Every structure is written in C-alpha cells, then in structure tokens.
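Notes follow once the structure below has been shown.
Below, each value reflects all heavy atoms present in this structure, side chains not excepted, and no hydrogens, waters or symmetry copies. Everything numeric in this text was worked out from a predicted model, so none of it was measured. Numbering of ligands and ligand atoms starts at 1, following listing order.
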Amino acid sequence: MCAKRIWLLLATTVSVSGLQLPLLQPLRTSNEPLVTPELDAYVNNELARWNSSGLSLTVVRQDTRATGKWDVEFGSYGIAQADGALVTPDTLFAIASNSKLMLAMSVGLLIKNESLAAARGQRLRWDTKIKDVLPEWQLMDEGVSERVTIQDMLSHRTGLPRHDYSGMTRPGGVSEMISTMRYLRLSADLREQYQYNNLMYETLSHLPRTLLNQSFESYITQHIFTPLGMNSSTYSVAAAEASGQLSHGFQYDMQDQLYARNGTRKPTVPYFQRPGEEGIWAGAAGVLTSARDLSMWVAMLLNNGKHPLTNETVIPKEVVDHVATGVSVSSGKAPYPELSPAVYGCGQDRYSYRGHEIIEHGGSNPGFKTQVARFPNDNLAIVVLSNDENGNHILESVKWWIADRAFRLENIDWAKRYGDKFLESARKNRESVTPRPSSPAPPTSPWDTMQGTFTNGAYGSISPCFVATSHAGLNNACTKVIKHSVVQRILSAQNDEIPTFIVPFKRTFSTYLRFLHFEGNTFNVSYVWSNADVRRREGFVANKEKDDGDVITGLDDRYVVEWVDSSSGGQSGWAFSDNFWGKGGDVRPPEGATARERAEVWFGKA
Ligand SMILES: *[C@@H]1O[C@H](CO)[C@@H](O)[C@H](O)[C@H]1NC(C)=O
Ligand SMILES: *[C@@H]1O[C@H](CO)[C@@H](O)[C@H](O)[C@H]1NC(C)=O
Ligand SMILES: *[C@@H]1O[C@H](CO)[C@@H](O)[C@H](O)[C@H]1NC(C)=O
Ligand SMILES: *[C@@H]1O[C@H](CO)[C@@H](O)[C@H](O)[C@H]1NC(C)=O
Ligand SMILES: *[C@@H]1O[C@H](CO)[C@@H](O)[C@H](O)[C@H]1NC(C)=O
Ligand SMILES: *[C@@H]1O[C@H](CO)[C@@H](O)[C@H](O)[C@H]1NC(C)=O
Ligand SMILES: *[C@@H]1O[C@H](CO)[C@@H](O)[C@H](O)[C@H]1NC(C)=O
C-alpha cells in the first residue's frame, strides 16, 4: 500500500491579543488501515522463512474523525494449535511478562484506595518499605532488606538478580516463596544496578491477600478485566484450556547449539504449567489473553486510564503516568541508531523510535513471545503475540514495520537486521565454547561420592545421579532416574565418553539439570525441561512406544557448576556459577577464595 495520506486543510482562526491569525490545521479524514494485504504478505513471508507457527496482532488508534470511537484492527496468521486450528483475534496466548503491567496497576490501585488508607490509618505509597507491609519479607543482606521500597521492586533495583531457577510450586504459595528469598545471594547493593527480577513481581502479588484478604487473580479480574470487558483474560490454566482457545506454544525439541542442532519445532501439549502450578508466577507473567482483549487494554492505556468507550476511570491517570515514567536505566546504550537508550518504570520500558516516544514491554514464556507497545504521543498502540519460542525477532520486526507505515517513514529492513542477529547469536554461542581438554583431570573425589543430597534454602534439594556404563555403585533411586526414557533420550544425543550427572530438578522451568564433566571439579550445566511425564499422566500419549509429542529443551551447557570436596574441612557441595543466578548489567561475579564463596548458588551436603 503506498497511498498518500489525505490531508484536509481546514482554515480556522484564533484570537491572540486582538489580532485575528489564520491557523492552518491539518485534519485527518480517517486513520488509514495499517493491517493491509501488504502487511499480511510480509508476516506470512516471515513465518514461512523461519518455519514459524503463528502470530496474532492488533493495532489500536483513537478514531480522529469521531472522538470517543476507536479504530481497532486485527491481524491473524498461521496456526494456533497442532491440529492446524488457525490463529484468530480470540486465540489465547501467554503474554508472559506483559502481565507485569497488570501487577503494577494493582499496586497503583491499592495506593489510591482511600478506604484502605483509612482502614490502615496509613496510606500505601510507592516508597513504602516492603518490610512494613509483608511480614514474610527478608533478604540475605539485612541493610538492603530494611530499605527496599515497592518502587525499588517494580523498577528492578533491589540488588537481587533473577534467581528464576528457584521457582517452583510451593504448598504455602507466594507467602512461602517470599520467606525463602532470604537464602538468595544478592549481586549488587540496593539501587546500584538495574537487574530484572520476577520474584519481586511475585512478591507484590501478595499485597491484595495481605491488605484485603483477596487473591491477586480475583483482584485483577474485579478491577481490570471485568470493567474493561476483557472477557477471556485469565490467570487460570484450567479456564484457558477449557475454553479451547489456548494456543500451543511451539518449541524446538532437542535443540542443542553446541552440536549446531536446530531441533524440531513441536507444539508443547499441554501448556507448560499445569492447573494449580500457576499461582506463584501470576504477578510476574501469568496472564493468558487474546488480541481482542488486549485491544481494550491498550485503548485504555492510550485513553489515560479511562474506559475507551465510556470514559469511566478504570485506573487513575496518575497511576498510568507513574508506571510509565522511567526510574531505572534498563538500557544505557541504544542497540540501533534509530532507538534511544531506555528507562524502566513499573512493568514498562520507555525510549524513543525515530523521534517517536514508545512505552512497551516484552514477554517470554516457554513457547510464547509477546510485545505490547504504545506510542503515547502518536495515538497508536501495537500488540504482537507469537506462539513460537523463536518468535521474538519476527514480532519485533513486525512491530517496527507497522510503526514505519504509521509514521510515513522510510522503511527500515528490520527483518534482515534481526534475522541476521538471530543466526549470528547461535553461531557466536557455539564459537565462544572452550573445547573440553583431551585428557581432562578427574575430579578430586570418586564419582559415586559426589552423589547424595545437597540443599539450598530457596532452590530446594538436589540429588545428582552419576551416569556410569555399569550401574554398580548406583543406588536404586538413581538407577530409576537414569533408566527414565527422557534421560535416555538426553544421553543418546550427547558424546557418551563425557562423564555425566543427571539431577532430577522439577521446577517451574525445568525437570532435570545435566552436569557434563569439563575438567577437574568443573562441569558444564544444562537446565533441561521435558513434558514427557505430564503427557503420560494426563493421557496425551496414544502410543507409549513411540510418542512424537515429547519436547525436551535446554540442552545448551550454559552454566558451570563446581564440585567442592570436604578435604579441607568444610562442607562438601555444588557451587553454581557463570550467571546461573541471572544477573543484570555490569554486575561482577561473587569474589572469594573458595568455590563456595564464589558460588552464585550453593547447594551444601545435607
Ligand atoms: C470521552 O471523552 C472524549 C474526550 O473528552 C469525548 O470526545 C467523548 O465523547 C467521550 N465519550 C463518552 C462516551 O463520554
Ligand atoms: C479498596 O479497599 C476496600 C477495603 O478498604 C476494598 O473493599 C476495595 O475492594 C478496594 N478497592 C480497590 C480498587 O483496591
Ligand atoms: C479471609 O477470607 C476468608 C474467606 O475467603 C475467611 O474465611 C477468612 O476468615 C478471612 N481472613 C481474615 C483474616 O479476614
Ligand atoms: C465482553 O462481553 C461483553 C458482554 O457480553 C461485551 O459487551 C463486550 O464487547 C465483550 N468484550 C470484548 C472485548 O469482546
Ligand atoms: C539451522 O537453522 C538455520 C536457520 O534457519 C539454517 O540456516 C541452518 O542450516 C540450520 N542448521 C541445521 C543443521 O539444520
Ligand atoms: C517446520 O515445522 C513443522 C511443524 O512443526 C515440522 O514438522 C518441521 O520439521 C519443521 N521444519 C523444519 C525445517 O524445522
Ligand atoms: C564448559 O565450562 C568451561 C569452564 O568454565 C568453559 O570454558 C566451556 O566453554 C564450557 N563449555 C560449554 C559447552 O559451554
């Protein structure tokens, strides 16, 4: 589409100091469509080029011809589910970290709640110290723990790195999760660094429970989803699955960058979290919703918190402004000349694109990548949802394609830029690997003595199982672990000369850790996820001998773990490093004389 925008020049007059000045005011006749056959061709071509599954988008603008009306366009591409069901505006996607803005809004609504302030005799504030609200709160560093405010948590500057891999279903829910945070090492001082942290958003989801005796999910439903008519939005995996609209997240089975294996694209069936497992993750990334519902959400944001059709306040304007105002520097350097550095408020990044200010956030759950963006000065919001683990670069280039058209700017070939970068990063990862020495020194302890149970207060216990050619020396529990079909599949794809430990590790994003021996006491760690057991338990497997539906991800040897023996008198254990804790920015690794002191996460012998 290359039609020129039609401008109507309308002469009006204004009176300034008694002088009549003519004012030429451009009046747009209409918002020309942005979801055009040209965009359709572009998206379909990208999906085909990358063998990608599906994409759903919505573009929202206030209709400038008739204030109070909205132009809402949808684009639906590719498949939502393995059986070929197509993406529609009602297909549900996991929007992942785009859920953080709902959490931030809930905090803002509680801050603005007059009756709550009256009942507590004290107003909740952005700078309220969290220790004064949540009795479970305690961080490892006493001085930091005392001073952390709600704002610090929302703007990722508490000093705590991600520690995402400590995530698991806990009987005591979010409350129990908060009370384990004291066992997590900090990587910076308070307000020293921007370090993205999901645990803080999970922690803040406990506020409605603590202050109003109401669940976070019901609070959001009552005050956001229902007023906005976001009828299919939910935190409940069971509800989303029962609707039949939940997209499958496509992932790459047995992908292994080390061996340059792309893996096979497969639908993750069922959804990676099972009903009952999703509660702790809700505040950070738990919303399941559609392009249609999100069109209402972004229209409300463009409308400064008011319902787009009735103008009733859903979220006070000051809250919408506050969460979108930068507090931390999330990106101190622009990655491309058309972008500016970025600041982060509460669940919102803010920077500029070719002179146009943009407020947005990305989202990433297994098999789902999302982007919810708006240009507050340009009457434009763009939402792009992908159900492909590799969909990120596709949805980013689609977003900019639409923005370039909306702003009538010369088109930048973002698909090429991001595509090249995507391919290059896989290559760079491979090339950064130091090959294992040809005659590596053995560890300082016999292999079988490195088994046993090791614990960390937040991450729980691990019991590594050594994979030996003979099962002698293995206890029964380990024999069972090693014989498991998933473990056999993992082992069959690796160099079987490398001594290996398999560690059952059922957490939010993993089922196993794999330690591959490097040299001495050092091992390369993969964080492996498999859905095989869930598929069998829930009856998704027709042919038990040969199931093509199992997905195994995470074989990338990304981290390092060091065995620490007790010969020098201390506790033996496993010391994880190489950014297992998920730091941000320029944070230095922990310093210390021993591997235990240098550990980002330490599991000591129980
Ligand atoms: C909402 O507010 C806008 C801008 O003030 C106004 O033009 C529109 O008519 C209002 N809509 C309703 C339903 O009141
Ligand atoms: C405000 O607080 C009252 C209790 O004081 C509660 O009933 C109400 O649901 C709260 N509303 C919001 C939006 O937080
Ligand atoms: C919280 O609500 C439940 C019902 O949902 C009630 O049984 C319980 O007593 C309430 N707790 C407090 C402290 O009010
Ligand atoms: C949600 O349901 C209401 C009532 O049926 C309807 O008016 C509204 O348009 C629906 N919202 C969306 C986003 O479809
Ligand atoms: C992996 O995917 C890339 C990009 O699609 C392709 O260029 C490459 O040939 C693939 N490698 C293998 C081993 O299939
Ligand atoms: C493309 O995706 C399909 C469907 O998931 C899969 O069967 C096929 O192997 C994929 N092709 C490539 C080259 O990865
Ligand atoms: C394994 O760990 C060693 C030591 O840290 C490192 O040099 C090497 O690159 C790692 N290998 C892989 C495959 O990541």
ask   = At what distance is the nearest protein heavy atom to atom 11 (N) of ligand 4, and which residue and atom is it?
value = Gly229 O, 2.9 Å
ask   = Cut-off 3.5 Å, side chains only: do His517 and Arg436 have a donor facing an acceptor?
value = yes
message = Is the distance between the ring centroids of Phe580 and Tyr559 under 6.0 Å?
response = yes
query = Which atoms of ligand 7 sit under 4.0 Å from any heavy atom of Val560?
reply = 2 (O), 5 (O)
query = For ligand 7, which atoms, with element, lie under 4.0 Å from some heavy atom of Asn524?
reply = 1 (C), 2 (O), 3 (C), 8 (C), 10 (C), 11 (N), 12 (C), 14 (O)
query = Hey, would you say the Phe603 and Phe576 ring centroids sit under 6.0 Å apart?
reply = yes
task = Considering the heavy atoms of Leu258, write down every atom of ligand 7 situated less than 4.0 Å from one of them.
result = 13 (C)
request  = May I ask you to check if ligand 7 and Asp557 share an N or O to N or O distance below 3.5 Å?
outcome  = yes
request  = Would you check the N or O atoms of Ser432, main chain and side chain alike, for any that come under 3.5 Å of an N or O of ligand 7?
outcome  = no
ask   = What is the closest protein heavy atom to atom 5 (O) of ligand 4, and at what distance does it sit?
value = Asn231 ND2, 4.6 Å
Ligand-side contact atoms (ligand 3) for residue partner Asn213, heavy atom cut-off under 4.0 Å = 1 (C), 2 (O), 3 (C), 8 (C), 10 (C), 11 (N), 12 (C), 14 (O)
request  = Answer side chain, backbone, both or neither: which part of Asp578 comes under 4.0 Å from ligand 7, heavy atoms only.
outcome  = neither
inquiry  = Evaluate Thr522 for polar contact with ligand 7, using N/O atom pairs at a separation under 3.5 Å.
reply    = no
note = Numbered in order shown, the ligand 4 atoms found under 4.0 Å of a heavy atom of Arg292 are 14 (O)
Heavy-atom side-chain contact between Ser56 and Tyr77 under 4.5 Å = no
query = Do Trp529 and Phe505 have their ring centres less than 6.0 Å from each other?
reply = no
ask   = Is a side-chain donor or acceptor of Glu73 paired with a backbone partner of Val35 at a separation under 3.5 angstrom?
value = yes
Shortest heavy-atom approach to atom 3 (C) of ligand 7 - which of Tyr559, Tyr259, Phe518 = Phe518
ask   = Does the protein put a heavy atom under 4.0 Å from atom 7 (O) of ligand 4?
value = no
Electrostatic pair Arg123-Glu114, nearest N-O below 4.0 angstrom = yes
query = Step by step, would you call Ser364 with Lys369 a side chain to side chain donor-acceptor pair (under 3.5 Å)?
reply = CA-CA 5 Å; Ser364 173; Lys369 307 295 149 196; 2.5 Å; yes
message = For the residue pair Asp90 / Thr88, report whether a side-chain donor-acceptor contact shorter than 3.5 Å exists.
response = no
query = Relative to Tyr527, does Arg558 satisfy both conditions: NZ or CZ under 6.0 angstrom from the six-membered ring centre, and within 45 degrees of the ring's axis?
reply = no
inquiry  = Counting non-hydrogen protein atoms only, what is the nearest one to atom 9 (O) of ligand 7? Give residue, atom name and distance.
reply    = Thr434 N, 2.9 Å
message = I'd like to know if atom 14 (O) of ligand 3 has any protein heavy atom within a distance of less than 4.0 Å.
response = yes
